[in-house]
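For reference, positions follow the sequence shown, starting with 1. All figures in this text were calculated on a predicted structure; none of them were measured in a lab. Each ligand, and each atom within it, is numbered from 1 in the order the structure gives. Below, each value reflects all heavy atoms present in this structure, side chains not excepted, and no hydrogens, waters or symmetry copies.
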Amino acid sequence: MPSRSRLGQNFLHDAQAIQRIVAALGDCSHCTVVEIGPGRGAITRQLISRAAHLIAIELDPELASQLRSALSPERVSVVQQNVLEFDFAAAATSAGQRLIVVGNLPYYITSPILLKLAANHAFIDQAVLMVQREVADRVTAVPGSRDYGLLSVTVQLYGPVEALFTLPPSAFSPPPQVHSTVFRWRFHPRFQELGLNETGFLAFLRQAFALKRKTIANNLRAAGFAVECAGHALNAASIDPRSRAETLSVEQLSGLWKELTARVASTTP
Ligand code: SAM
């Protein structure tokens, strides 16, 4: 476990912001809500009376123990664990429904947490998450914008995202060095609709975005696709070989991947 000073412990003390986060979850009176990093319980206390059941996952043993003694075990299960090891499938199975996730995330592991939630999409209905503003900008970015990249496509493949509001460092104690943004993520994966194999397409995305500021044709070449095969696939997908992956929509990238895999399959003995 990282030292306490490195656990991303910036506690939210802006009462209005806490209300807005809780309100963003909507009616959760019949839901099991999982809170990531409850800390001193700022959001947790407001959620208790609203959720049917609350599971609060806190890595810091001291904070977890304080929460356990302060909150009714009938309404809140405090789990002292690394959220990256939490079993969302088991929690959803025992709840008998998909979970609602909320959290003012520990920023040092934002991306691993987002990927963990994506991997558990089948067990989560929606998440309302506070992240560093720059990360929210990337997650919600549209093709061709400054912040659009691998993280944007990956997150958006698992469902629509929507930025809700931004807070200054003064909303937290101690204040972090960055602004923070709350966003909502509804889990409706697009793999089936787009006719994609999840693992294969995610691997392809990592290749397509590997070399920043290089053309898609260069990235495909670096990934090992033969120049001719890549050229035909780009042409069939109506993509200019000089474009960069950062300008391509999920639909264009999925069209390209399908053209490439069809060509690779037809040339493989
Ligand atoms: N929710 C509280 C609030 O808004 O005031 C605290 C948020 S604070 C930004 C992040 C919390 O996540 C801290 O309490 C920290 O101890 C906890 N944390 C850090 N790493 C964690 C991990 N890997 N798993 C679970 N909790 C973690």
Side-chain angles (χ1 to χ4, degrees), residues 1-25 28 32-51 53-71 75-91 99-120 123-124 126-136 139 164-185:
M1 188 174 99
S3 68
R4 293 192 75 198
S5 63
R6 301 183 66 189
L7 280 179
Q9 296 186 344
N10 300 98
F11 301 108
L12 183 59
H13 61 64
D14 179 324
Q16 209 190 348
I18 295 167
Q19 290 304 336
R20 288 177 80 182
I21 292 171
V22 173
L25 297 176
C28 45
T32 294
V33 177
V34 175
E35 185 186 0
I36 300 173
R40 294 177 182 156
I43 301 170
T44 329
R45 282 172 221 280
Q46 299 304 318
L47 277 171
I48 285 180
S49 53
R50 290 173 169 254
H53 189 65
L54 187 55
I55 302 172
I57 312 161
E58 173 56 59
L59 181 59
D60 185 328
E62 210 173 304
L63 288 176
S65 142
Q66 284 166 10
L67 280 176
R68 245 184 233 123
S69 17
L71 305 173
R75 305 302 298 261
V76 189
S77 312
V78 178
V79 180
Q80 194 265 308
Q81 193 181 23
N82 181 343
V83 65
L84 299 179
E85 284 158 18
F86 181 71
D87 190 340
F88 284 92
L99 308 163
I100 306 282
V101 175
V102 65
N104 170 13
L105 299 188
Y107 294 171
Y108 74 104
I109 47 165
T110 301
S111 289
I113 293 176
L114 297 181
L115 295 179
K116 166 99 182 178
L117 297 180
N120 283 279
F123 313 110
I124 303 171
Q126 63 157 315
V128 171
L129 305 170
M130 171 114 63
V131 296
Q132 184 176 333
R133 179 171 60 184
E134 289 73 14
V135 175
V139 161
L164 299 180
F165 60 93
T166 294
L167 291 173
S170 59
F172 305 83
S173 171
Q177 285 174 337
V178 292
H179 278 62
S180 301
T181 296
V182 176
F183 76 96
R184 180 187 287 118
W185 188 7

Exercise. Could a heavy atom of Met130 be found less than 4.0 Å from some atom of ligand 1?
Worked result: no
For this session: May I ask you to list the atoms of ligand 1 that are less than 4.0 angstrom from any heavy atom of Glu35?
Result: 1 (N)
For this session: Assess Ile109 for proximity to ligand 1: is some non-hydrogen atom of it under 4.0 Å away?
Result: yes
Exercise. Below 4.5 Å, heavy atoms only, C-beta onward: do Arg20 and Phe165 meet side chain to side chain?
Worked result: yes
Exercise. Is the closest N or O pair between Phe11 and ligand 1 shorter than 3.5 Å?
Worked result: no
Exercise. For ligand 1, is there an N or O atom under 3.5 Å from any N or O atom of Gly37?
Worked result: yes
For this session: Determine whether any heavy atom of Glu58 lies closer than 4.0 Å to an atom of ligand 1.
Result: yes
Exercise. Taking N or O atoms only and a 3.5 Å limit, does Gln9 qualify as a polar contact for ligand 1?
Worked result: yes
Exercise. Shortest non-hydrogen contact from Leu67 to Gly39?
Worked result: CD1-O, 3.5 Å
Exercise. Near Leu12, which atoms of ligand 1 are under 4.0 Å from a heavy atom of that residue?
Worked result: 3 (C), 4 (O), 5 (O)
Exercise. With respect to atom 9 (C) of ligand 1, which of Gly8, Ser180, Pro61 exhibits the smallest heavy-atom separation?
Worked result: Gly8
Exercise. Would you say Arg40 and ligand 1 have an N/O pair spaced under 3.5 Å apart?
Worked result: no
For this session: Check ligand 1 against Leu59 and write out every atom of the ligand that is under 4.0 Å from a heavy-atom position of the residue.
Result: 20 (N), 21 (C), 22 (C), 23 (N), 24 (N), 25 (C), 26 (N), 27 (C)
Exercise. Which residue owns the protein heavy atom closest to atom 2 (C) of ligand 1, what's the atom, and how far is it?
Worked result: Pro38 O, 3.2 Å
Problem set entry | Nearest atoms (heavy-atom pairs only) where Gln9 meets Asp60 | NE2-OD2, 2.9 Å
Exercise. For Leu105, is the nearest heavy atom under 4.0 Å from an atom of ligand 1?
Worked result: yes
Exercise. Any N or O of Asn10 that comes nearer than 3.5 Å to an N or O of ligand 1?
Worked result: no
For this session: Could you verify whether a donor N or O on one side chain and an acceptor N or O on the other, from Gln46 and Gln19, lie under 3.5 Å apart?
Result: yes
Exercise. So, does Arg133 use its side chain to make a donor-acceptor pair with the main chain of Thr166 at under 3.5 Å?
Worked result: no
For this session: May I ask you to list the atoms of ligand 1 that are less than 4.0 angstrom from any heavy atom of Ile57?
Result: 25 (C), 26 (N)
Problem set entry | Shortest non-hydrogen separation from Phe88 to Phe123 and the atoms involved | O-CB, 3.9 Å
Seminar exercise, completed: For Asn82, the ligand 1 atoms with a heavy-atom partner under 4.0 Å come out as 22 (C), 23 (N), 24 (N)
For this session: Please name the pair of heavy atoms, one in Pro106 and one in Leu7, separated by the smallest distance, quoted to 0.1 Å.
Result: CB-O, 3.6 Å
Exercise. Does Gln80 use its side chain to pair, donor to acceptor, with the backbone of Leu59 at less than 3.5 Å?
Worked result: yes
Exercise. If you measure from each heavy atom of Gln81 to ligand 1, is any distance below 4.0 Å?
Worked result: yes
Seminar exercise, completed: Residue, atom and distance of the protein heavy atom nearest atom 19 (C) of ligand 1 read Leu7 O, 3.1 Å
Seminar exercise, completed: ligand 1 to Asn104, heavy atom cutoff 4.0 Å, flagged ligand atoms 3 (C), 4 (O), 7 (C), 8 (S), 9 (C), 10 (C)
For this session: State, to 0.1 Å, how close Phe183 and Val139 come at their nearest heavy-atom pair, and which atoms those are.
Result: CE1-CG1, 3.8 Å
Problem set entry | Test item, Tyr108 contacting ligand 1 (heavy atom, 4.0 angstrom) | yes
Exercise. So is Leu63 polar-close to ligand 1, meaning N/O to N/O under 3.5 Å?
Worked result: no
Problem set entry | Side chain proximity check, Leu167 to Met130, heavy atoms < 4.5 angstrom | yes
Exercise. Around Arg40, counting heavy atoms of other residues, nucleotides and ligands shown, do more than 12 lie under 6.0 Å from its CZ?
Worked result: no
Seminar exercise, completed: Taking every heavy atom of Ala171 against every heavy atom of Leu12, the minimum-distance pair comes out as O-CD1, 3.5 Å
